[in-house]
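Step one of this worksheet: look at the structure below.
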Amino acid sequence: MKTNSSSPVFPLMLSVLILCFVSPCLCKKEKVFTNHTNIYDVMQHGARGDGKSDDTNAFLKAWSSTCGAGGILATLVIPKNKSFLVNNLVLTGGCKATSIHIKLDGKIVAPAKGALKDKSYWIRIQYINHLTIDGGIGGSIEGYGSTWWQCKTCSRPTALFFHSSNDLTVRNLRITNTPGAHIAINGCIGATFSQILVNSPGNSPNTDGFDISYSKNITVVDSTIATGDDCIAVNGGSSYIYATRVACGPGHGISIGSLGKGNSFEVVEEVHVRNCNFTGSTNGARIKTFPGGSGYARKITFEQIQLKDVKNAIIIDQNYGAKMANNKMSKVHI
Ligand SMILES: *[C@@H]1O[C@H](CO)[C@@H](O)[C@H](O)[C@H]1NC(C)=O
Ligand SMILES: *[C@@H]1O[C@H](CO)[C@@H](O)[C@H](O)[C@H]1NC(C)=O
Ligand SMILES: *[C@@H]1O[C@H](CO)[C@@H](O)[C@H](O)[C@H]1NC(C)=O
Ligand SMILES: *[C@@H]1O[C@H](CO)[C@@H](O)[C@H](O)[C@H]1NC(C)=O
């Protein structure tokens, strides 16, 4: 539920489109540049892939080549049957190629708790537009979270953090046992997550499946989320958020908020949850707002929902986080 706020970056694809209409030769020329040489394998940049050596620098070298490559498509390859340990990995755009692919066929694993240098994040992907991450058949991310979960009050890093990246596609990815949230999306416009398998134990603390904030047009589809916190949390500044054919449980359900923490003004609108199953989760549809906060949550729909062994099918809590009823009811309108 922890997120960094920032304003999203808007892509200026329109000018590219206009360019193509005005001058078709330009687009053709661009096509000539397309070749299969813009493929950068982390193994060729010094990665060991033994799950023990720190491969962060190899990833950064391969990323630097990928991001610096021109043309229409540049691809970073993380090969299969290998396990790559990375420590505070940051992949930053803007890249030269129109689209970037990350072919994640192998496994990425976390360092031990004590070895993570900056405990506020693990993998960060930022300012990259038109990015596709495809886990192929074996792509996975393992967070080795159990040592972190023992301390429930300690701050624990989000595993995969997307920030200010527009037109994002993530598919066929397994992400398991993360110390904090599995996937956070902040300041992004246009993202589709499909065939994502999130799996952490029901008693792992603050391990939200998806944590969405200050983002627009985000879809989670055909995915399975088993976790110890919200399957999907839609936080302040988010709109046009879609969850379709998601199986949630264990977990705390699909939640709007919590909104209005620390007397803040927060807004969420156009959230549409459809054709989802909740099995063994504490909640199904949930909206939670803090006392003292303001703003609104509106145009929220849940439809074609199946609930099995769910404690609260629908729960709207406007006094969230308050131990006892107090006089400072939330002013967040629902
Ligand atoms: C395509 O291949 C050439 C020759 O290997 C290389 O110089 C170039 O960077 C590659 N990519 C593009 C976009 O031209
Ligand atoms: C990957 O491992 C599997 C099972 O161990 C094996 O069948 C397969 O041939 C390996 N693939 C490669 C490319 O090494
Ligand atoms: C929403 O994002 C998707 C990509 O995830 C894109 O195809 C679609 O056009 C976007 N819709 C709007 C209204 O921007
Ligand atoms: C939900 O459960 C039904 C059976 O009750 C099943 O047919 C459907 O595929 C499930 N949907 C998801 C998204 O798991």
Side-chain angles (χ1 to χ4, degrees), residues 1 3 101-105 107-108 123 125 131-143 145 158-162 165 167-178 180-186 188 190-202 204 206-213 215-235 238 240-256 270-286 300-310:
M1 269 171 276
T3 45
H101 277 205
I102 297 179
K103 206 169 168 298
L104 174 54
D105 291 326
K107 186 173 181 180
I108 295 179
I123 302 169
I125 290 176
L131 169 69
T132 297
I133 301 178
D134 194 333
I137 37 167
S140 66
I141 296 179
E142 163 64 43
T158 291
L160 187 56
F161 188 91
F162 293 96
S165 296
D167 187 17
L168 175 66
T169 303
V170 182
R171 54 183 179 237
N172 306 318
L173 186 63
R174 238 181 111 86
I175 177 161
T176 51
N177 301 315
T178 56
H182 292 78
I183 298 171
I185 302 146
N186 169 259
C188 297
T192 302
F193 290 81
S194 62
Q195 304 284 352
I196 308 297
L197 181 74
V198 165
N199 195 2
S200 287
S204 57
N206 308 107
T207 50
D208 287 346
F210 286 84
D211 223 333
I212 303 169
S213 61
S215 293
K216 195 172 172 178
N217 186 20
I218 310 295
T219 299
V220 180
V221 62
D222 294 322
S223 294
T224 300
I225 304 170
T227 187
D229 204 332
D230 294 325
C231 287
I232 301 175
V234 182
N235 294 295
S238 300
Y240 300 92
I241 309 298
Y242 308 95
T244 308
R245 294 190 299 276
V246 171
C248 166
H252 295 180
I254 296 185
S255 303
I256 313 301
E270 299 282 4
V271 179
H272 303 290
V273 180
R274 150 184 273 258
N275 207 341
C276 292
N277 294 353
F278 294 85
T279 310
S281 60
T282 46
N283 311 292
R286 184 194 204 190
I300 317 285
T301 61
F302 283 78
E303 54 190 327
Q304 298 169 358
I305 303 300
Q306 284 193 30
L307 302 150
K308 198 185 279 175
D309 303 322
V310 173

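These numbers come from the heavy atoms of this one structure, side chains and all, not from hydrogens, waters or symmetry mates.
- Less than 2.5 Å separates the SG atom of Cys231 from that of Cys248.
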Applying side chain to side chain contact (heavy atoms under 4.5 Å, CB included) to Val198 and Thr178, what does each step give before you reach the verdict?
CA-CA 9 Å; Val198 165; Thr178 56; over 6 Å; no

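- In this structure, Ile225 and Gly209 approach most closely via the heavy-atom pair CG2-CA, 4.1 Å.
- No side-chain heavy atom of Ser281 sits less than 4.5 Å from a side-chain heavy atom of Pro250.
- Under the 4.5 Å side-chain criterion, counting only non-hydrogen atoms from C-beta, Glu270 is not in contact with Ile300.
- Within a 6.0 Å radius of OH in Tyr242, more than 12 heavy atoms belonging to other residues, nucleotides or ligands are found.
- In terms of modelled atom types and a separation under 3.5 Å, the side chain of Ser215 and the main chain of Ser213 share a donor-acceptor contact.
- For the atom pair CD of Gln195 and OG of Ser223, the computed distance is 6.5 Å after rounding to the nearest 0.5 Å.
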Walk me through whether Ile185 and Phe193 qualify under side chain to side chain contact (heavy atoms under 4.5 Å, CB included).
CA-CA 11 Å; Ile185 302 146; Phe193 290 81; 3.5 Å; yes

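- Residues Asn177 and Asn199 bring no donor and acceptor atom of their side chains to less than 3.5 Å of each other.
- Side-chain contact check for Phe210 versus Val234: every heavy-atom pair is 4.5 Å or farther apart.
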Show, in sequence, the C-alpha distance, side-chain angles and deciding distance for Thr282 and Val310, and conclude whether the side chain to side chain contact (heavy atoms under 4.5 Å, CB included) test is met.
CA-CA 5 Å; Thr282 46; Val310 173; over 6 Å; no

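- Side chains of Ile256 and Val271 form a contact here, defined as non-hydrogen atoms less than 4.5 Å apart.
- Lys103 contributes atom NZ, which lies 13.0 Å from atom OG1 of Thr132 (distance to the nearest 0.5 angstrom).
- With rounding to the nearest 0.5 angstrom, the CZ atom of Phe302 is 13.5 Å from the CZ atom of Arg274.
- A heavy-atom distance below 4.5 Å is not found between the side chains of Leu131 and Ser165.
- With rounding to the nearest 0.5 angstrom, the CG atom of Asp229 is 4.0 Å from the CG atom of Asp208.
- Interatomic distance, Ser140 OG to Ile108 CD1, rounded to the nearest 0.5 Å: 8.5 Å.
- Contact of the Ile218 side chain with the Phe162 side chain is not registered, since no non-hydrogen atoms from C-beta on lie closer than 4.5 Å.
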Could you check Asp134 against Arg171 for salt bridge (Lys or Arg N to Asp or Glu O under 4.0 Å), going step by step and ending with a plain yes or no?
CA-CA 5 Å; Asp134 194 333; Arg171 54 183 179 237; 2.9 Å; yes

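- What you find for Asp230 and Thr227 is that their closest heavy atoms are O-CG2, 3.7 Å.
- Screening Ile241, Ile305, Ile232 for a side-chain contact (heavy atoms from CB on, under 4.5 Å) involving Val273 leaves a single residue, Ile305.
- Considering only heavy atoms from C-beta on, Asp211 comes within 4.5 Å of Asn235 through its side chain.
- Using a 4.5 Å heavy-atom threshold, the side chains of Ile196 and Ile183 count as touching.
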Apply the test side chain to side chain contact (heavy atoms under 4.5 Å, CB included) to residues Asn186 and Ile212: give CA-CA distance (whole Å), side-chain angles for both, the deciding distance (0.1 Å), then the verdict.
CA-CA 6 Å; Asn186 169 259; Ile212 303 169; over 6 Å; no

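- Nearest heavy-atom pair, Ser200 versus His182, reported as atom, atom and distance to 0.1 Å: OG-NE2, 2.7 Å.
- One finds the CD1 atom of Ile175 at 11.0 Å from the OG1 atom of Thr207 (value rounded to the nearest 0.5 Å).
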